[in-house]
Each structure stands twice: as structure tokens, then as C-alpha cells.
Amino acid sequence: MARYNPKEIEPKWRERWNAADAFKTRVDRDRPKYYVLEMFPYPSGRIHMGHVRNYAMGDVIARFKRARGFNVLHTMGWDAFGLPAENAAMQTGAHPGEWTYSNIDHMRRELKQIGLAIDWSREFATCDLGYYRWQQRLFLDFWNAGLVERRESYVNWDPVDLTVLANEQVVDGRGWRSGAVVERKKLSQWFLKITDHAEDLLAALDDGRLKGWPDNVRLMQRNWIGKSKGLRMQFRFYGGTKSPDGAEAIEVYTTRPDTLFGASFLAVAPDHPLAAAYAAKSKEAAAFVEECRKSGASQEAIDKAEKRGFKLPVEVEHPFIGDRRLPVYIANFILMGYGTGAIFGCPGHDARDFEFAKKYRLDIIPVVLPFGADAGEFSVDQESYVGPGSLFNSDFLDGLTVEAAIEKAIEKIEGLGIGRAATQFRLRDWGVSRQRFWGCPIPAIHCEKCGVVPVPAKDLPVELPHVDAAVFKTPGNPLDRMPEWRNVPCPECSGAAKRETDTFDTFVDSSWYFARFATDPAKWPSGPVDKGDCDYWMPVDQYIGGIEHAILHLLYARFFTRAMKKAGHVSMEEPFANLFTQGMVTHATYKDEAGNWVLPDDVIVEGGKARMAGDGAPVTIGSIEKMSKSKKNVVSPIDIIEKYGADAARWFILSDSPPERDVEWTDAGAAGAWKLVARIWETVEPCADVLTSHDGDEAPANANVELRRATHATVAAVTDDIEHFRFNRAIARIYEFLNAFKKARESDEWSRAEALSALIRLIAPFTPHLAEECWERLGGTGLVCSAPWPEADAALLRKDEVTLPVQVNGKRRAEISVAADADKAAIEARALGDAGILRHLEGLTVRKVVVVPGRIVNIVAN
RNA sequence: GCGGGCGUGGCGGAACCGGUAGACGCAACGGACUUAAAAUCCGUCGGCAGAAAUGCCGUGGGGGUUCAAAUCCCCCCGCCCGCACCA
């Protein structure tokens, strides 16, 4: 018997699929469509196990849906702009474009070895001019639609590398590469007005439009959008005085206007205009503001930071209490970016205000009494009270609940004309400017006379200049240093002007790629997307990716889709109907005697102990962690494919754990998957052409009903499991069936042919190459990747007889066999007559018999 | 601190709406084949007691609801994830 050799067989079938154009997709209105999409990869150059898991899951769904008669769109492309290419240019002198495209070539070759059912004719990279030119067009359309704004904002500035850093690139207040202390710098930046859609982005999370999304992702987005309802109101300076900048009042935002009678101070953010106004006049104020700016870069600093304030030489009036004046502070814990950047402090009912008041010995006036508490005894000496209750010490609010008092207070303030009810979002507008080379140029021109002017659509694309790799040796954005690219005539006045040198955040690139995939490539030269094609394919029916994108990517894509709709490019507003977030691939970590991380490939593990493969030196086995280069606990998918084949790799990575959970890659598990592949081939090999001789005929009289039941039960179960993303369970069912098939080896050939025909089609989404080889061997028609999914015969799923457990007082004491349609009385009689049961009922009186047909019998006796 | 989730054999996990706990796989062990090993095949495999039949215990710990709890409720312990001074 020929041993199954994936090295020969797998490439053979990939060529056949290719030759048959098996996965090429066209609009076909006769079939229901199904768009399955995995988050596209960054072209780092090599695939890793996370890719294998992600794309294997998508591929199972794609192949399964194809077999079930859907017109399936399944594509691949490259999220190809971004910093690593520039880093590579700095380190190796390679041009970012050349580096990226050569990575793509290499990675595409690797990815193809997995055997994915993908329409490669739709492949593109976001750094293709043919893609990003249309992104510029979308931006202009958004600009026209009022969704683009230019605004000053603070950025993390690395003064050595002359670049803006993302928050995660700031480590302990220093640039991750240069180690220089990061400065906060105010820059004019481009913003997309995602907050314009905040209300709808939030509403869709709960109104059923995203019912196919996991609850935790919806929750994370809800918290991120962070809607709160409250009151914006003015506090007038005492006695009509004005601040140095001429203001007569401070506007604050609060969600607790009910606690106004407990107010004992006001505080403004260090970036607040009032703080700036006093800083200009007073050295002490300026020093305090400066100090606040310096601290607070890292998370740790915020955690530890003590609440501190600087008292300003002004007071404000309380709106309800004529003779109460409140001091005003600049405080380090107030955020300029939220609300109005100013608050009133009620120490009795806010933990932060309480801490602040304790430190500066401010009044703590309780105004909310917990239900059932005694007003005379209640105090807030130790901590603030933030729970529910009824108001006291609060004049016209006394006796009201917190909720009622909030409404009443807002009403009163609005009546006085010094404030309005207001909704506030935590979500900020999306800053899309990046001071980098390797990204999509923002199509704008700065003219001294005309200001900021969009590049006219006819002048698009703004192409990245072809530069020598050496320019990346100098810190900063090379675009800033290229006058021949930068200097252009103003489109409006034709005077001397300069191009915008910022490029887009790469999250922009990934915010519409799904709609580009849905557009027929023949139409790519004529627009960003084709509305008709998108109407057919969108939304994505199943989107699959890592949980790490739960907030930003998914929220941006949702916003972008709304923006594209507003600009008339598409009709849908939610891009992803169903979302699945898969877990990570983990592996044990190893360290040598010197404490250095060691690659699993260099380690031999036996009987729970590890040693170096080379010299046998002892190795410590560490914790199981996400595969990462830094801890060296990586296993190369390509090595595994070399060793066991792509099918075994796909099988194992889906078999061991539920898809949403982390999976631990173990060599034993991979070897086990290989055994399964060999076992299926060995099962099929002796049965050459059984499908040719038994295809489509009726079950003969001698058919093995038991095997047929197992076949059809397995088909039903596996179908249901794949439908619900329970790949690990589907695989367990296939193992179970294989065991049943083996036991039925004396069975008639017809039933065995039926079983094998079903088996091969069931494994096809998981191990597609093996399935084709088996299908051919069995004499199946055509390619198995185009064969219809097996159907379970309902008649064979019904059982005539069922086994029921019988309990006495909740403990299982026997099993009985009864007809499936037996009534309760008959079941009860059978149970009470069972010898084993009688033994347990000796000396007891039966009080009650619970019969759940098809499930269980429980006899209660004492 | 706030929000969410999880806890089942040596391990990954299964158990649908409260109804036979441990499917399936891995590891381990015993046996067959082999000069031997690997591979393969057959079998055992939660704990305790027992030769066995069988019995008792058992889903992080404690309590509760129920004829019946891994599943529902309350308290506690542990782990993981997200957010983090958002007024």
C-alpha cells in the first residue's frame, strides 16, 4: 500500500484547483451569496501560526458554504502601508516599496501552501497606487460631505527621530527607538468626524443590526463610545469679576446635577484656557501647569499621581445659594479632552473630589442619603457615597431620588438660562494624520493665500515619490525634504503652494478594503468601489479576526462605511453582519541554563523534562504563552507543512480548542493530526471506485442500518457544528464516525460507500487536499471542492428504541430500553419492573415518579 | 477601582433549554506484530474500597432552589481579558 505523501499530493491538487479556476467568483443572482472574510495580513514576509488558524477557519466556512450551494466570495490582500517598512529601510537600506512587495511575494507563496479556497484574482495591496488613489478620492468626498476637519491637537513628539509616536510607542515617557523624552507638541492635524456618527454607531450595537457580533466586542465598543447624559452649566465669577482673558463664567459638564448643593469647589484642566490665562500672569500658576504637562505620560504615572491643585485668585457664585462662593483650582486630574475641561466638585459623592477635598481641607457636604439611612447619623468622613438614595440638605431637591433630582436640577438651571442638558461622548474624532512616508498621501495643498485646499479630483492621484532608500537615514519624514514633490501651484490661485506631507493612518487603509474586494476587479480602474457589486456582496456575512481589533479597526470600518454611504458610494451602513474573534496560538516557553529563551525546535522534551537537542544541556520549561519572536516560542507553519503537510496543520489547529479560545500548539498534537490524515487514506485506499459502482442507487435490502444511522447522524452533527463555529466538536464527531466505520468493517459495500462518500465531503473543508485525493480514489464525480454537501436523511436520524437512565432519588441505578414513542405510563411501568431498580427500592415506598420521555426517569422513594 | 468572562481527569476539552459528568483527542499503561525500535493494531485509563459484582466520593470552596445542578441563585477563593481620574 502506498503511503500517503502530502509533499506530492498537496501541490498537485492546488494546481488542479488553479487550472479549473475553482474559486473564481462572479456575481450570480441565482444563488444566495456568502461573503467570508478574514482580517487581511500585514506583509511581514512570513506567515505564522496565528495566520494558519485565522485563515483555516475562514477556509472551512468558505468551502462549507460553497458545498451548501452558496456563491462564496473569499479573498486575500495585504495591509501593506506602515512603519515596519520604514524601519527596514533605516536598518537595511531597502526601499520601503521594494521591501514590502518582496515580502508580499514571499508571503503569498507561503500562504498558498495552506491550500485556501481563495479568489486570487481580487488580490491587492493597500500600497498599490490603484488602491490608494481611490482612498484619496474617498477623502475628498468625505471632505465635501463635511466629515473632514483640520484641528490642532497634542501629539507625542520624539525630538530625536523627529516623528510623532503612537501611544504604544511611548515607553515610560520615552520614545521606544530613540529613548528620548517624549514631548507633547501641538500640531495641526487632519480629523475624520467619527463623533458625528457616535449616536448611530452606539445605537446599532443594541438595536439588532449587530446581533451577529459577540457580546464582549459590542460591550467594548459601547464603553469606548462612552455616552453620558448630563448638564453643561455656567458658574459666574463672584460679583461680576472677569478672568484675565475676559471670561465672565466657567462652563462645566456634570452627570450629577443633583449634587449641586454639595458643591464645594470648581476645577479646570491644566490645558484649560482659564489656566493658560492665569499662567500668563503668574509664575506659580505657569509652573504648576508645566509640571502637570510633564507628568502623566505613562499609565503608571496616572495611577500613582496624587491629586493636586493650584488655587486661583477667583471665586464663583453658587447658582442656587446666594451667599455661597466656591474656590477655583487648576487640577491635575481634570481632562481637557472630556466635557468642557472643567468640573464642579462634590466631595461627598465623588471619590476623586473627595480625595481632593481631603487634601485641601474643603467642605464635604453630604446631599444624598442612602435609602433607609438616618440623616442625623449618616456621614461621609471615610469615603464618598456614590450609590442611590434620596436628596437632603438640598432645598428644593430634598426628598427626591437621585434620578428625579437630576431632572429637576436640569430643569431649574435651564430655567435660569445658565445651562442646558447635554449628551457627552468619550469617543473623540479620529486623527488620521501621520508624519510618515510609507502611507497614503493626504490629498491637500497648503497655500498662503487660499489656506488649505483639496487636491482637485482631476489631479489625483497624489503619488508617493520614488525615493532613494538613503533618505531614510535622516530622521523625520522624507516628504518634508523633497521640494520637487512638495512645491506645487495652488489649484485655486495658481500661486506657489506646498503639498501636505502627512500620510494617512493605516487604519484608514483597512476601513474600506472589504468593499474593494467585493468590487469586480474589472471595475477597479473606474472608482473606489462599485455600488452594484457591493449591493450584491455586502455586508460581509462572516468576518473573522483577532480580538485585538475589537475596538479601533472595527469601529473605524463601521464609521467609514457610514461615511461612504453618505458620500453615495454604497448603500449599506454596517459592513460586518457576523463577527467571530478567534483566540491566539500559544506554545510552551523554554530557557537554557543561562536564562536565554530557546526555540522549541532546539529542544527535546521527554517525560516532562526538556534538554537541548544538540548537547543535551538542561532546559527549563516555562509558562505557555502567545507565540512571539521575543520569547522564541514559535513554530514555523512552513516547517510543519514540510513535515506533516498543510492538511495536518489545518486539522490540528482547529481540533484541540474551541475557536474563540487560545490553542496550545504541541508537537504531539500535530503528529496526532498527521496520524489522522494517514488513517483516513488507509481507510479509503482499498475502496477504489466504490462511488462509481454505487453512486445514486437505492439502499439494498442488506444495507447495514447501524452504519447508515451513524453516517447520517454524523452528517447532521458536523453540519450543525460548522454552522456554529464549533470546529473542535465537528472534528470529534468525525473521529467518532471513523471509529464506528472501523467497527462496521464487515458491512455491505453499499453502506460503506455511502459512509465514505459522506466522510470525505465532511472532511473536505478541513483537509481539502486529502479529501480530493480520497474522492478521486473512490471514484467521485469532479472535484470534491465543488461537490454538494451531504444531506442527512431524517428517517435515519429517528430512533425506534431509546435507552433511558433510571434514577432512584437522583442517583442513576439502571438503564432501560423502551420504544421511542412509548408513553409515560409504559416507561414508568418498565422502570418500576426493572430488577436492578427493585433491588434499590427494597424497604422504600415510592412517593413520586418523574418521567421525561426521551431523557430520564427518576423515582422518588423513602 | 469599574466592566466582562472563566474555573470539569495527568493535559486540551465535551455535556444542546436543569435530565446517564468526563464524548473526542493527547499523554500514560498493558498486550499483539517485530531480532529490536519506530509505525500500526487490540485493550485499560476521574478518585477511594473491592478478586469481581458493586458501592461511596467527585465539575475551585461553602450554602441554597429542585424529583434532579457542571448548568439556576447567594457568599467566598483563584485566574484571564477590556477600560482606566471620562466628572
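A note on names: the letters A, B, ... follow the listed sequences, proteins ahead of strands, and every chain is numbered from 1. Predicted model, so just to flag it, every value in this text is computed and none were measured.
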Cationic N near anionic O, under 4.0 Å, Glu736(A) to Arg733(A): yes
Phosphate OP1/OP2 of A87(B) contacted by Tyr338(A) side-chain N/O (<4.0 Å): yes
Arg661(A) side chain, from C-beta outward: closest of A87(B), C26(B), G13(B): G13(B)
Aromatic plane relationship, Phe725(A) with Phe580(A) - under 30° parallel, 30 to 60° tilted, over 60° perpendicular: parallel
Main-chain N/O of Val663(A) paired to Thr586(A) side chain as donor or acceptor, under 3.5 Å: yes
Sugar-phosphate only, base, or nothing, as touched by Thr666(A) at under 4.0 Å among non-hydrogen atoms: nothing
Nucleotide nearest Arg679(A) when distance is taken to its side chain, options A84(B), G19(B), C41(B): C41(B)
Spacing between Arg222(A) atom CZ and G3(B) atom P, to the nearest angstrom: 14 Å
Glu625(A) and Lys631(A), any side-chain heavy atoms less than 4.5 Å apart: yes
Arg726(A) or Gln424(A), whichever maps to the more 5' nucleotide of RNA chain B: Arg726(A)
Shortest side-chain distance from Lys675(A), nucleotide among G19(B), A27(B), G25(B): A27(B)
Lys307(A) NZ - G1(B) C1' separation (whole Å): 11 Å
